[in-house]
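Please read the structure below before turning to the comments.
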Amino acid sequence: MLEISVLALAGLAAGLLNAVAGGGTFISFPALIYVGVPPVSASATATLAALPGYVTSAWGFRQDMQAEGALPLNAIVFIGVIGSIIGALLLIVTPGDTFLWVVPWLLLLATILFALGPFILRHLRQRGAGKVGAVGSAFAIVTVSIYGGYFNGGLGIMLLATFGFIGYVNLHGMNGLKSVLSAVVSLVSALAFISAGLIEWEQALIMAVSSAIGGYLGARLTRRIVRTDLLRYFVTCIGATMALVFFLR
């Protein structure tokens with residue numbers, strides 16, 4: 001019962017955070033490690049478990065999404081599929097010990113990017129976001145999709161920064177597209193992980209249900225949250241703590 005409670009609460013919190021600010025994997029991935037899932041399987045399972053939350057969050061933002069920048073929405077999704085396949089294949093061939101060594105660095109990178117997210121977006125816009133052409137936009141999308149296929153942590157803020165870089169300015173629309181592309185990346189990656197036998201199904205199902213609830217609630221609550229900076233500080237502290245824990249393992 002303790003493990004079920006941990007997984008259910010972690011999935012709910014991850015779904016909420018992914019919808020509101022991102023960073024849900026900072027909670028779901030360590031929770032899976034805590035209940036005994038091996039590192040590579042934990043990353044794969046966390047990716048699958050996040051999928052329902054991304055879908056329900058995208059549904060909550062469905063009226064806000066519209067194409068901005070040089071690429072249409074269907075092109076962004078297609079490029080995301082290609083990148084996620086590459087990232088998933090990289091994870092599949094990564095030995096468990098190697099991945100465990102890489103994890104704290106990935107968590108640290110994601111935490112730093114998450115903490116600096118608002119500054120990155122402002123900086124990109126001040127330097128002329130929206131002037132990036134189709135080739136540059138495609139390269140940015142495929143790069144962040146490869147990362148997301150390999151490790152889901154921090155994917156949300158990386159996508160938001162990428163959308164700002166390629167010309168998006170509507171934050172609610174960016175959040176919606178972030179959820180859509182996160183769902184696509186997670187789905188494609190999860191299919192590869194399933195074929196490789198990396199998914200721990202019992203844990204995944206528990207987290208997936210609670211993540212779906214959290215994702216929908218997060219999308220509904222986003223417009224009512226005034227102090228998103230406090231939430232960002234909280235998630236940053238979680239990410240930094242998790243990175244430190246994995247460095248000390």
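For this chain, numbers begin at 1 and follow the sequence in order.
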Cluster question for you: counting only ILVMFWY and a side-chain heavy-atom cut-off of under 4.5 Å, with indirect links fine, are Leu177 and Ile166 together?
yes

Working to the nearest 0.5 Å, report the span between CD1 of Ile33 and CG of Leu100.
7.0 Å

Count the heavy atoms of every other residue, nucleotide or ligand shown that sit under 6.0 Å from CG of Asn74, and state whether that count exceeds 12.
yes

Interatomic distance, OH@Tyr216 vs CG@Leu16, rounded to 0.5 Å, equals 13.0 Å

With the side chain counted from C-beta on, respond yes when Leu108 and Phe247 share a heavy-atom pair under 4.5 Å apart, and no when they do not.
yes

Can you measure from OG (Ser189) to CD1 (Ile92) and round to the nearest 0.5 angstrom?
9.0 Å

Let me check something: do Ile82 and Leu91 share a hydrophobic cluster, defined by ILVMFWY side-chain heavy atoms less than 4.5 Å apart, either directly or through other members?
yes

Under 3.5 Å: donor-acceptor pair, side chain of Ser41, backbone of Pro38
no

Looking only at heavy atoms, which two atoms of Gly24 and Ala14 are closest? And how far apart?
O-CB, 3.4 Å

Taking all non-hydrogen atoms of both residues, which atom of Ala49 and which atom of Ala204 are closest, and how far apart?
CB-O, 4.0 Å

What heavy-atom pair brings Ser145 and Gly80 nearest, and what distance separates the two atoms?
OG-CA, 3.3 Å

Over all atoms of both residues, closest heavy-atom pair of Ala31 and Leu7:
O-CD2, 4.3 Å

Pairwise side-chain contact, Val135 with Phe139, heavy-atom cut-off 4.5 Å (strictly under):
no

Should Phe163 and Val144 count as side-chain neighbours, where that means a heavy-atom distance under 4.5 Å?
no

Taking atom CG of Leu71 and atom CD1 of Ile141, what is their separation to the nearest 0.5 Å?
7.0 Å

For the residue pair Phe193 and Thr47, establish whether any side-chain heavy-atom pair is separated by less than 4.5 Å.
yes

Is Leu89 reachable from Val93 through a run of hydrophobic residues whose side-chain heavy atoms are each under 4.5 Å from the next?
no

Beyond-backbone contact of Glu200 with Leu32, side-chain heavy atoms, under 4.5 angstrom
no

Would a hydrophobic clustering, with Ile, Leu, Val, Met, Phe, Trp and Tyr connected at side-chain separations under 4.5 Å, put Val103 with Ile112?
yes

Would you compute the distance between atom OG of Ser43 and atom CZ of Phe29 and round it to the nearest 0.5 angstrom?
5.5 Å

How close do Gly176 and Ala58 get, counting heavy atoms only, and between which atoms?
O-CB, 4.3 Å

Quick one about Tyr150 and Thr94 (side-chain donor to acceptor, distance below 3.5 Å, no hydrogens or angles considered), yes or no?
yes

Nearest-0.5 Å distance that lies between atom CG in Leu48 and atom CG in Leu205
8.0 Å

Measure the acute angle between the ring planes of Tyr147 and Phe151, then classify it against the limits of 30° and 60° as parallel, tilted or perpendicular.
perpendicular

Would you check if Thr25 and Leu155 make a side-chain contact, meaning some heavy-atom pair closer than 4.5 Å?
no

In terms of heavy-atom contacts, Leu181 and Ile76 come closest through CD1-O, 3.8 Å

Between Leu187, Val184, Val185, Thr56, which is the residue that forms a side-chain contact (heavy atoms from CB on, under 4.5 Å) with Leu51?
Leu187

Considering only heavy atoms from C-beta outward, does the side chain of Ser182 approach that of Leu159 to under 4.5 Å?
yes

Is it true that Ile86 and Val40 fall in one hydrophobic cluster, defined by side-chain heavy atoms closer than 4.5 Å?
yes

Does the pair Leu198 and Thr45 meet the rule for a side chain to side chain contact (heavy atoms under 4.5 Å, CB included), with working shown?
CA-CA 7 Å; Leu198 292 177; Thr45 302; over 6 Å; no

